[in-house]
Amino acid sequence: MKYQRPKGTADILPDDAKKWSYIEETARMLFEDYRYHEIRTPMFESFDVFSRTSGDTSDVVTKEMYDFDDKGGRHMSLRPEGTAGVVRAFVENKLYGPEHPRPVKVFYMGPMFRYERPQSGRQREFHQIGVEAFGSNEPELDVEVIAMGMDLLKQFGLSDMRLEINTLGDQESRDAYRQALIDYLDPHFDELSDDSKVRLHKNPLRVLDSKDKRDQAIVKDAPSILDYLNEDSKRHFDKVKSLLDALNIPYVIDPDMVRGLDYYNHTIFEIMVNSKVLGDGYTTICAGGRYNGLVEQLGGPEMPGIGFGMGMERLMLLMEAQNVKFPVLDQLDAYVVGIGEQTSVETLRIVQALRADGFAADRDYLDRKPKAQFRTANKLNAQYTITVGESELKAKTANVKRMATGKEVSVSLNDIILDFDDVINEYFNDDEEID
RNA sequence: GCGGUAUUGGUGAAGUGGUUAACACAUCGGUUUGUGGAUCCGACACGCGUGGGUUCGAUUCCCACAUACCGCCCCA
């Protein structure tokens with residue numbers, strides 16, 4: 001094989017692309033209902049946009065960035081996630097200005113890139129659907145975003161979902177907790193896994209997330225972030241919980257939940273789905289949280305924000321695993337069969353007329369025999385065939401046949417071209433509808 | 001970045017150190033030549049991921065590389 005797609009990328013072929021479109025359209029409609037509007041930002045940004053926001057010690061920045069120097073010597077990176085670019089655009093285009101009603105609510109969907117080892121549902125080029133809302137620090141907005149994520153997954157027909165939430169508190173709470181955690185973990189330093197030894201000083205919260213069994217045993221008795229929240233942070237989180245209750249959205253509090261990206265604070269959440277396709281048990285399909293301070297970090301005013309991201313590849317896998325039906329519209333109304341070279345012009349005219357009239361129509365382009373053309377019409381599940389041969393051509397007629405019943409009638413070409421709907425109603429009206 | 005498994009035609013796959021690489025599906029053609037979904041018949045890998053090596057000879061053995069999948073890391 002001379003050329004193959006780059007490692008960790010995928011060709012989305014027409015059958016799959018239909019499913020992708022369905023997902024994208026469904027998401028668009030739902031987001032518009034929530035009054036979120038689409039924003040499109042570049043697929044690459046200055047490297048700093050991501051490194052500053054995600055955190056210099058995050059794995060994304062240290063080993064997963066698809067970065068390169070362009071011909072002008074600028075250090076660029078393909079976007080590894082959606083939020084940083086959106087925030088950059090928000091600041092650069094001054095969407096924080098008074099003429100934009102707050103909160104400013106946007107959504108995006110598109111490819112993201114991370115240089116890592118591909119696995120099921122994890123590729124180097126992958127796609128995310130995400131939302132961001134700026135300009136309100138009210139817990140009501142947190143809950144709207146969470147509810148919208150749940151709503152979306154429900155629209156996609158997923159079941160067996162679980163919402164997990166946690167809070168990282170504000171800076172003050174987080175700093176206090178960070179110190180408490182270090183104080184707790186330091187005496188156990190030698191017992192920690194090698195990974196966690198490194199984490200401890202770079203980003204101690206990550207130790208909580210360790211999959212290592214020994215680490216987990218130690219972490220089990222570690223102090224909880226929930227005990228280190230200051231008044232504001234606690235009030236915010238309590239409100240989020242009570243609002244979720246009010247909306248009858250069940251949730252689980254996971255005080256060990258952390259984030260791979262450093263910019264989060266206050267509410268963070270993950271929506272998980274129980275499925276084997278992405279590994280055992282519940283795995284995360286949608287994750288997000290609040291990131292007050294991020295706008296400022298990228299040079300904007302003080303402006304709170306919150307959002308989530310959802311992996312489309314994973315979503316597809318889950319939907320397929322749960323046998324979700326994709327409503328795919330792929331009906332061929334009429335297949336025009338031409339018999340003999342002389343008919344080719346007329347059949348082309350007919351398909352064009354049908355298409356102009358809003359029908360999905362096709363014909364043969366391989367100069368094949370009638371039998372083969374009918375076979376094709378049948379395979380494509382054409383509702384009708386319209387056959388034109390030499391004699392029909394002379395008589396200015398065509399044979400219209402309803403494939404499901406086999407009923408065939410001779411109709412004037414003019415009638416077909418002028419109004420095929422009429423022809424169907426006149427000759428096939430009493431037939432049973434078969435779709 | 002580390003470890004494991006795999007790689008045969010459009011697809012699913014069988015198979016062997018040495019004449020013609022099973023079988024099935026799909027596709028195309030035919031079954032008296034202007035009509036579908038059935039049956040029957042026929043065609044369909046100048047080649048067994050790529051590049052080296054061992055050998056008289058390799059698709060089959062060895063090495064490297066590529067890609068896929070799984071685990072770790074991390075995450076969507």
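Fair warning: this is a prediction, and the values are worked out from it, not measured in the lab. Proteins come first, then strands; the chains are lettered A, B, ... in the order of their sequence lines, and each starts at number 1.
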Please state whether the rings of A:Tyr36 and A:Tyr34 are parallel, tilted or perpendicular, taking 30° and 60° as the class boundaries.
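A:Tyr36 vs A:Tyr34 ring planes: perpendicular.
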I want to check one thing: is the phosphate of B:A66, taken as OP1 and OP2, less than 4.0 Å away from some side-chain N or O of A:Gln4?
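It does not, given that no N or O in the side chain of A:Gln4 lies less than 4.0 Å from OP1 or OP2 of B:A66.
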Check whether NZ of the Lys or CZ of the Arg A:Arg363 lies under 6.0 Å from the centre of the six-membered ring of A:Tyr365 and within 45 degrees of that ring's axis.
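Judged by the rule (NZ or CZ under 6.0 Å from the ring centre, within 45° of its axis), A:Arg363 counts as positioned above A:Tyr365.
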By the salt bridge (charged side-chain N to carboxylate O under 4.0 Å, His left out) test, which pairs, at least two apart or in different chains, include something from residues 385-398 of chain A?
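Salt bridge (charged side-chain N to carboxylate O under 4.0 Å, His left out) check on residues 385-398 of chain A returns no pairs.
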Across nucleotides 29-37 of chain B, 5' to 3', mark each nucleotide with B, S or - according to how protein heavy atoms within less than 4.0 Å reach it.
SSB--BBBB
Mind checking if A:Gln123 touches a base, just sugar-phosphate, or nothing, with heavy atoms under 4.0 Å?
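Here A:Gln123 touches the bases of the nucleic acid.
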Do A:Lys407 and A:Tyr427 meet the cation-pi criteria used here (NZ or CZ under 6.0 Å from the six-membered ring centre, within 45° of the axis)?
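Geometry flag: not set, cation outside 6.0 Å or 45°.
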Distance between the C1' atoms of B:C46 and B:C56, in whole angstroms?
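Approximately 23 Å lies between the C1' atom of B:C46 and that of B:C56.
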Give me the one residue out of A:Tyr115, A:Phe47, A:Phe50 that meets side-chain contact (heavy atoms from CB on, under 4.5 Å) with A:Asp67.
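Among the candidates, only A:Phe47 passes.
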Can you list everything that forms a side-chain hydrogen bond (donor to acceptor under 3.5 Å, both in side chains) with A:Asp70? Sequence neighbours excluded, please.
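Result, side-chain hydrogen bond (donor to acceptor under 3.5 Å, both in side chains) vs A:Asp70: A:Arg74.
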For A:Val258 and for A:Arg117, find the nucleotide of RNA chain B with the closest heavy atom, then tell me which residue's nucleotide is more 5'.
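It is A:Arg117, whose closest nucleotide lies nearer the 5' terminus.
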For B:A76, take OP1 and OP2 only and decide whether either is under 4.0 Å from a side-chain N or O of A:Arg124.
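No, because none of the side-chain N or O atoms of A:Arg124 sits under 4.0 Å from OP1 or OP2 of B:A76.
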Given the C1' atoms of B:G29 and B:C44, what is the spacing between them in whole Å?
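Each nucleotide's C1' atom is 11 Å from the other's.
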P spacing across the pair B:U67 / B:A76, given as an integer number of angstrom:
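Per the computed distance, 25 Å lies between those P atoms.
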Show me, range against range, the stems involving RNA chain B, built from at least 3 consecutive Watson-Crick or G-U pairs below 3.5 Å.
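Output for stems: B:1-7 with B:66-72, B:10-12 with B:23-25, B:27-30 with B:40-43, B:49-53 with B:61-65.
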Who passes side-chain hydrogen bond (donor to acceptor under 3.5 Å, both in side chains) against A:Tyr251, sequence neighbours left out?
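Partners of A:Tyr251 by the side-chain hydrogen bond (donor to acceptor under 3.5 Å, both in side chains) criterion, ordered by chain and then number, come out as A:Asp245.
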Could you give the NZ-to-C1' distance, from A:Lys7 to B:G1, as a whole number of Å?
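It is 11 Å, rounded to the nearest whole Å.
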Rounding to a whole Å, what distance do you find between A:Phe126:CZ and B:C75:C1'?
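Between C1' of B:C75 and CZ of A:Phe126: 8 Å.
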A:Asp362: side-chain hydrogen bond (donor to acceptor under 3.5 Å, both in side chains) partners, not counting sequence neighbours:
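Result, side-chain hydrogen bond (donor to acceptor under 3.5 Å, both in side chains) vs A:Asp362: none returned.
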Would you please classify the geometry between the A:Tyr384 ring and the A:Phe420 ring as parallel, tilted or perpendicular, with 30° and 60° separating the classes?
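A:Phe420 and A:Tyr384: perpendicular rings.
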Rounded C1' spacing from B:G71 to B:U11 in Å:
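About 29 Å, rounded to a whole number of Å.
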Classify the ring geometry of A:Tyr291 against A:Tyr263: parallel below 30°, tilted from 30° to 60°, perpendicular beyond 60°.
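Aromatic pair A:Tyr291/A:Tyr263 classed perpendicular.
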Checking all strands, does A:Gln373 fall into the base, sugar-phosphate, or nothing category for heavy-atom contacts under 4.0 angstrom?
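A:Gln373: no heavy atom of the nucleic acid under 4.0 Å.
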Whole-Å gap separating P (B:A76) and CE (A:Met257)
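In whole Å, B:A76 P lies 11 Å from A:Met257 CE.
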Regarding A:Gly288, tell me which of base, sugar-phosphate or nothing describes its non-hydrogen contacts under 4.0 Å with the strands shown.
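A:Gly288: no heavy atom of the nucleic acid under 4.0 Å.
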With rounding to the closest Å, how many angstrom separate the P atoms on B:G18 and B:G12?
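27 Å, rounded to whole Å.
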Return yes if the base of B:A76 and the side-chain atoms of A:Glu116 contain a donor-acceptor N/O pair under 3.5 Å, otherwise no.
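Yes.
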